[in-house]
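In what follows, a single structure is set out as structure tokens and then discussed.
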There are 2 protein chains.
Amino acid sequence: MLTIAEGKFRNYLKQKGLKFTPERQLVLEEVFSLHKHFEVEDIFIRIRKKGNHISRATIYRTFPLLVESGLIKEAVHCQGGVRFEHIYGHEHHDHLVCLKCGKIIEFKEDRIEELQDAICKRYDFTPVEHKLGIRGYCKRCR
Amino acid sequence: MLTIAEGKFRNYLKQKGLKFTPERQLVLEEVFSLHKHFEVEDIFIRIRKKGNHISRATIYRTFPLLVESGLIKEAVHCQGGVRFEHIYGHEHHDHLVCLKCGKIIEFKEDRIEELQDAICKRYDFTPVEHKLGIRGYCKRCR
DNA sequence: TTGCAATTGAGATTTAGTTGCAAAAAGGAG
DNA sequence: CTCCTTTTTGCAACTAAATCTCAATTGCAA
């Protein structure tokens with residue numbers, strides 16, 4: 001899984017004339033060791049905790065490359081910070097966000113794609129991606 | 001239109017024990033003189049251009065009140081900054097965002113509400129609002 | 001092995017937004 | 001209308017997130 005992602009990343013870098021450095025590898029590994037939404041700071045702290053050295057600037061510079069290469073993307077914009085999530089190895093999904101406890105429920109609903117196509121046809125628009133976020137209250141916070 | 005919005009705002013403020021000040025009126029007027037997405041800085045500049053004085057801090061403090069009172073809301077999270085749009089006097093709609101030119105097309109599609117209800121039922125979730133943003137290319141940028 | 005373009009880290013810088021505080025003003029009570 | 005309490009304002013200082021600068025370093029292709 002990580003190996004395949006690494007391959008994808010290496011290809012992307014090579015094709016852009018960029019280099020696969022130890023720092024970029026650290027970021028990639030850390031990103032794929034998590035299985036939930038994460039932000040720059042999470043990755044920074046985890047790499048440092050393991051005793052490896054990296055600067056925040058490097059992580060900030062690496063994230064856009066991971067996005068560009070199709071491995072991660074900006075997640076639903078929830079509370080405050082910018083959060084990311086994996087794309088690679090995950091089906092597309094959307095989010096329910098609880099306004100009280102902040103819990104995020106992921107869901108999958110194929111009819112959204114159908115709707116997207118119908119709407120885009122109406123406006124002569126070529127879709128690349130969509131993000132649907134439903135905010136409200138989960139059953140425990142209601 | 002503005003008068004009614006002002007009434008709503010006055011009611012909200014009174015009910016919270018807050019005051020309707022000339023500065024808040026300026027912000028309200030400026031916000032409702034625009035008919036598209038806007039951000040704090042836009043409002044600041046427009047008020048200053050008209051020769052009125054106001055500080056950025058006051059606008060930053062007023063926006064949450066306008067949101068709380070149901071007059072405006074944070075719009076689709078497009079490129080960079082936080083943008084707002086009117087709620088009052090506008091039906092709910094969602095957005096197509098062109099990745100190249102940044103153009104925003106608003107659309108209305110009732111089936112999204114139906115889908116939302118079906119999904120929320122599935123997860124025992126009580127929806128308050130949703131935001132659907134479709135990113136892609138408009139017909140001129142394709 | 002060499003050379004050059006890309007990369008890194010550290011800190012400076014930018015940008016967006018928030019906060020503390022003293023002076024000013026809204027607006028209800030009398 | 002005046003008084004009094006509470007809120008509001010503006011300014012400047014501050015914070016946090018992200019970006020940039022630049023010298024030193026390093027990958028990697030030839």
Side-chain angles (χ1 to χ4, degrees), chain A residues 6-7 9-31 37-69 72-75 77-84, chain B residues 6-7 9-31 37-69 72-75 77-84:
Chain A
E6 190 178 306
F9 194 36
R10 279 177 184 275
N11 284 346
Y12 166 79
L13 292 173
K14 178 169 289 180
Q15 170 244 320
K16 286 270 186 177
L18 305 178
K19 292 165 184 174
F20 186 76
T21 64
E23 289 80 7
R24 287 178 180 163
Q25 184 166 28
L26 278 178
V27 174
L28 183 74
E29 276 171 15
E30 215 43 59
V31 158
H37 294 190
F38 54 90
E39 48 192 81
V40 170
E41 194 63 17
D42 297 326
I43 302 301
F44 176 72
I45 289 175
R46 289 171 64 97
I47 291 178
R48 283 283 176 106
K49 276 230 178 89
K50 287 190 181 165
N52 294 304
H53 188 272
I54 197 164
S55 82
R56 248 177 276 260
T58 298
I59 306 181
Y60 276 109
R61 291 192 275 235
T62 304
F63 269 43
L65 302 175
L66 291 171
V67 171
E68 260 289 298
S69 64
I72 67 175
K73 67 169 182 176
E74 260 193 47
H77 195 67
C78 12
Q79 47 254 10
V82 181
R83 306 186 84 81
F84 294 84
Chain B
E6 190 178 304
F9 194 36
R10 279 176 183 275
N11 285 345
Y12 167 80
L13 292 172
K14 178 168 288 179
Q15 170 243 322
K16 286 270 187 177
L18 305 177
K19 291 165 184 175
F20 187 76
T21 63
E23 289 80 7
R24 287 178 181 164
Q25 184 165 28
L26 277 178
V27 174
L28 183 74
E29 276 171 14
E30 215 43 59
V31 159
H37 294 190
F38 53 90
E39 49 193 80
V40 170
E41 194 63 15
D42 297 326
I43 302 301
F44 176 71
I45 290 174
R46 289 171 65 97
I47 291 178
R48 283 283 175 106
K49 276 231 177 89
K50 287 191 181 165
N52 294 304
H53 188 271
I54 197 164
S55 82
R56 248 177 277 261
T58 298
I59 306 180
Y60 275 110
R61 287 169 180 137
T62 303
F63 268 43
L65 302 175
L66 291 171
V67 170
E68 259 291 298
S69 64
I72 67 175
K73 67 169 182 176
E74 261 193 47
H77 196 67
C78 13
Q79 48 255 9
V82 181
R83 306 186 85 81
F84 294 83

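So that the names make sense, note that chain A is the first sequence line, chain B the second, and so on, each numbered from 1.
- For the pair B:Phe63 CZ and C:dA16 P, the computed distance is 14 Å after rounding to whole Å.
- The phosphate of D:dT7 has neither OP1 nor OP2 within less than 4.0 Å of any side-chain N or O from B:Thr21.
- Rounded to whole angstrom, the span from the CD1 atom of B:Ile47 across to the C1' atom of D:dT9 amounts to 14 Å.
- Expressed to the nearest 0.5 Å, how far CG of A:Leu13 lies from OG of A:Ser69 amounts to 7.0 Å.
- In this structure, B:Phe20 places its CZ atom 14 Å from P of C:dG28, rounding to the nearest Å.
- A distance of 12.0 Å separates CZ of B:Arg83 from CD of B:Glu74, quoted to the nearest 0.5 Å.
- A:Arg56 places its CZ atom 20 Å from the P atom of C:dT14, with the value rounded to the nearest Å.
- Among the protein residues, B:Arg61 comes within range of the nucleic acid bases, having at least one heavy atom under 4.0 Å from a base atom.
- What separates CD of B:Gln25 from C1' of D:dT9 is a distance of 16 Å, to the nearest Å.
- In this structure, B:Pro22 and A:Leu18 both approach DNA chain C, and ranking their closest nucleotides by distance from the 5' end singles out A:Leu18.
- Rounded to a whole Å, the CZ atom of B:Arg83 is 17 Å from the C1' atom of C:dG17.
- Counting heavy atoms from C-beta outward, B:Glu6 and B:Leu28 have side chains that approach closer than 4.5 Å.
- For the pair B:Arg24 and D:dT9, the criterion of a side-chain N or O lying under 4.0 Å from OP1 or OP2 is met.
- Residue A:Tyr60 places at least one side-chain N or O closer than 4.0 Å to OP1 or OP2 of D:dA18.
- Listed nucleotides: D:dT6, D:dA12, C:dA10. Nearest to the side chain of B:Lys19: D:dT6.
- We find that NZ of A:Lys14 is positioned 19 Å from P of C:dA5, with the value rounded to whole Å.
- Across C:dG27, D:dG10, C:dA10, the shortest atom-to-atom separation from the side chain of A:Arg48 is found for C:dA10.
- Rounded to the nearest 0.5 Å, atoms CD1 (B:Ile43) and CZ (B:Phe63) are 5.0 Å apart.
- Taking atom CD1 of residue A:Ile59 and atom C1' of nucleotide D:dA18, one finds them 13 Å apart after rounding to whole Å.
- In this structure, CG in B:Leu26 is found 10.0 Å from OG1 in B:Thr58, a value given to the nearest 0.5 Å.
- When each of B:Glu39 and B:Arg10 is assigned the nucleotide of DNA chain C bearing its nearest heavy atom, the one mapping closer to the 5' terminus is B:Glu39.
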